[in-house]
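Chain letters run A, B, ... following the sequence lines, proteins first and then strands; every chain starts at 1.
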Amino acid sequence: MISNDILTQLNPQQLKAVTLPHVSALILAGAGSGKTRVLTTRVAWLIQTGQLSPHGVLAVTFTNKAAREMLTRISAMLTINTRGMWVGTFHGLCNRMLRMHYRDAGLPQTFQILDSQDQLAAVKRLLKSLNVDEERFAPRELQYFINANKEAGLRAARVQSYDEHSKRLTELYAEYDQQCRREGVVDFAELLLRSYELLERNEILRDHYRRRFSHILVDEFQDTSRLQYLWLKLLAGSDNVIFAVGDDDQAIYAFRGASAQNIFDFEREFASGSLIKLEQNYRSHAQILEAANALIHHNTKRLGKELWTDAGRGEPLRVHESVSDTDEAAFILQQVHNLRSEAVPLSEIALLYRSNAQSRVLEHALFTAGLPYRVYGGLRFFERQEIKHALAYLRLVANPEDDGAFARVLNVPARGVGNRTLEQLHSTSEQRAVSLWEVARSNPPTGRAGQGVIGFVRLIEGLRRDCLALSLPEVVALAIERSGLKHHYQLEPEGKERIENLEELINAAATFDVESDAPQRAALGTDQQPQDEPESDPRLRTLHDFLAHAALEAGEHQAVPGQQALQLMTVHSAKGLEFDAVFISGLEEGLFPHDNSLNQADGVEEERRLMYVALTRARRRLYLTHAQTRMLHGQTRYNIASRFLREIPEQLVQRSGARVPSAAQALGGYALPSGASRWRVGQDVLHPKFGPGVIVSVQGRGSDARVTVNFRRDGMRELALEYAKLVPA
DNA sequence: ATTAGTGGTGTTTTT
DNA sequence: CACCACTAAT
């Protein structure tokens, strides 16, 4: 039997987890311990042994990538089709549920999803319309406040506020929700909260789904938020079982509401007695694992787990110190060349960094060297300006009441309708409690700007009319063409790439038609259960699905699979992946751990877990690099090596690079009063930009001190010591 | 009333 | 450096 084949390849703990009886269970699975394998084999085993039909599977993952991976692996093990299964992200599944029951959920059929950018814009619009001082209530702060409360499962009415400030924030939260309701849009957190409330209030629906999903499987459980946990509990009821897989040491999403508390609660409420630890690592050599174990031991809040391997010791970790970020990039480039000559394929090499901004320098070096690379994350396809503009037109086709979309493109491309006019429209819409669209249509302003508004209304009306007869890619093409976006970017000198992206959007629409996840929509139809009436127009429905797809899956579209390319990404997006060789760059205080994490509760512990995730991505070789100076905010910053480097035992490490005392140390000495006479004539110095040189003269003292340096490359230069970051050489 | 240009400001990580 | 908001010129 096939199932035996599958099972014989498992180690005892894995086997135990896969073949657990009908109970809820918590699988604590360390990095590289075969977590996904256990999850997918569990599903396959349950189905093959007749304990479960595909229809009864609800599997939740954290990223779209992970969801796809899971589906692929299940279908590889089974011959049945996986269509009836619900596999996806929390947001994707909630979206699916809300689309099917939009009426019961109190949403318009055409509801649109706001990504974080859209949400921030909506918040700003709200603050403006209420005349709230943005100095006192920063849009970002309000956005964070709203999301944090939603992720905790709290509507504005239930938020406890004690001081004036949070009281006002809570009021604004309520106003924001009303604005969303008026405009027929939902943000990410709202998808979850709405879906939760739907199930909570609607007993029939809740029972239906409980009867249907007898097995609920959750990947990356440590990253679930309070609300997601409540959602799962609601779906599970008392009879269904939850199979949760997670690793508390890899919890890296506290900043968006994830709470490790869920693991403890889950064990108490569901899985008492069935806790299984997977600690054998199949990925990395011993020295890498020892480094990771030693690092994570510095954390206090752990369930306790120690990875081991029976693979060899492998190589020591390589720590390299550079003088500057550009030197760091050069070092990495050189090592990549070495790796290639050792026959390591480019796609098996990853360059990791803490924040997206760090990719620039690396990309520049790679580009100049002509090495193919691929950047994951960062500014994603569907987040690009031109794409957002095009999507806004499409959103207006789907739902002209969408004020956000309306305001975004009313004057893009320019139609002579400026801010003033938009404000007028806004205030009228406020007074009459109707959408911007309604105002523009029934009561357009007069004068020159009014003509522009009328033209815009005609444009949208025409699009809406003509789109009915067209396929999705044709709709997209028509919107891009007729809106004038294409023409607009043709005129821009930098517009070429934008036009290519717009064409890519048409392609995305064309392939979406085929690969659409819409077929699964029929899933509920087979039951004689509550259903919303079929949506009126299947074409419009496809458009909604496409727009939802654009918001939920912002990016993987530029992927060029199969191509040999270096992999660049943040540590966050590297989670779940593995590579032969891994570079972790920018290991400096302030960057990794990030400055902002230092004053957050348990911030450093989360950063350390992030570092743990980064370390455990590597199979054979691991480079840890840091630089003494780095361009940040357009200024050179001086950094000292990350504390995480000190937390890795020295015997596991091989060091290379700068022997020069670090600039930050030198600077530290300079900043102290005792370091007054640090600089003397004739001294060899090093400057991050001008390179090596000799001090020719010293003028002034204290903060006015200046030196004249004869640089080897650029000759004489006078530098203010306070700003010019000189290093003794 | 719109646009273009300028100065001040702020920046982690992602569905 | 890049984005935004405000101000001066069309």
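Scanning atom types as modelled, no donor and acceptor separated by under 3.5 angstrom connect the side chain of A/His594 and the base of B/dT12.
Taking the ring centroids of A/Tyr353 and A/Phe592, they lie at or beyond the 6.0 Å cut-off. Taking the six-membered ring for Trp and the full ring otherwise, the centers of A/Tyr253 and A/Phe62 sit less than 6.0 Å from each other. Annotation: A/Phe644 is not in aromatic contact with A/His298 [ring centroid separation under 6.0 Å not met].
Atom CG of A/Leu422 is separated from atom P of B/dT3 by 12 Å (rounded to the nearest Å). The CD-P distance, from A/Gln117 to B/dT15, rounds to 14 Å in whole Å. Distance A/Gln250 CD to B/dT14 P: 16 Å, rounded to the nearest Å. To the nearest angstrom, P of B/dT14 lies 14 Å from NE2 of A/His91. Whole-Å rounding puts the A/Arg630 CZ to C/dC1 P distance at 16 Å. Between the P atom of C/dC3 and the CD atom of A/Glu383 lies a distance of 13 Å, rounded to the nearest Å. In this structure, A/Lys65 atom NZ and B/dT15 atom P are separated by 8 Å, rounded to whole Å. Atom CZ of A/Phe188 is separated from atom C1' of B/dT14 by 8 Å (rounded to the nearest Å).
The side-chain tip of A/Arg99 points at the ring of A/Phe111 from less than 6.0 angstrom away and within 45° of straight on.
Closest to the side chain of A/Asn596, from the set B/dT15, B/dT13, B/dT11, is B/dT11. Across B/dT13, C/dC4, B/dT15, the shortest atom-to-atom separation from the side chain of A/Phe255 is found for B/dT13. Considering only the side chain of A/Thr89, B/dT15 comes nearest among B/dT11, B/dT15, B/dT14. The side chain of A/Ser355 lies closest to B/dT12, out of B/dT14, B/dT12, C/dC4. Nearest nucleotide to the side chain of A/Thr570, out of B/dT3, B/dT13, B/dT15: B/dT13. For A/Thr421, taking side-chain heavy atoms from C-beta onward, the closest of the listed nucleotides B/dT12, B/dT14, B/dT2 is B/dT2. Considering only side-chain atoms of A/Arg360, the nucleotide from C/dA2, B/dT13, B/dT11 that sits closest is C/dA2.
If you take atom C1' in B/dT13 and the same atom in C/dC4, they sit 23 Å apart, rounded to whole Å.
No side-chain donor from either of A/Asn356 and A/Thr570 sits under 3.5 Å from a side-chain acceptor of the other.
Across all strands, A/Asn411 comes closer than 4.0 Å only to sugar-phosphate atoms, never to a base (heavy-atom distances). Note on A/Val571: nothing from the nucleic acid sits closer than 4.0 angstrom, heavy atoms only. Nucleic acid contact class of A/Asp595 (heavy atoms, under 4.0 Å, all strands): none.
Residue A/Asn147 places no side-chain N or O under 4.0 Å from the OP1 or OP2 atom of B/dT15. Regarding contacts with the backbone of B/dT11, a side-chain N or O of A/Arg140 is found under 4.0 angstrom from either OP1 or OP2.
Residue ring and base: A/Phe62 does not count as stacked with B/dT15 (centre distance below 5.5 Å and interplanar angle below 30° not both satisfied).
Comparing A/Arg415 and A/Ala551 along DNA chain B, the residue whose closest nucleotide (by nearest heavy atom) sits nearer the 5' end is A/Arg415. Mapping A/Ala414 and A/Gly92 onto DNA chain B by nearest heavy atom places A/Ala414 closer to the 5' end of the strand.
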Worksheet entry | A/Glu607 vs A/Met611, side chain to side chain contact (heavy atoms under 4.5 Å, CB included): CA-CA, chis, key distance, verdict | CA-CA 6 Å; A/Glu607 294 286 303; A/Met611 179 67 179; over 6 Å; no
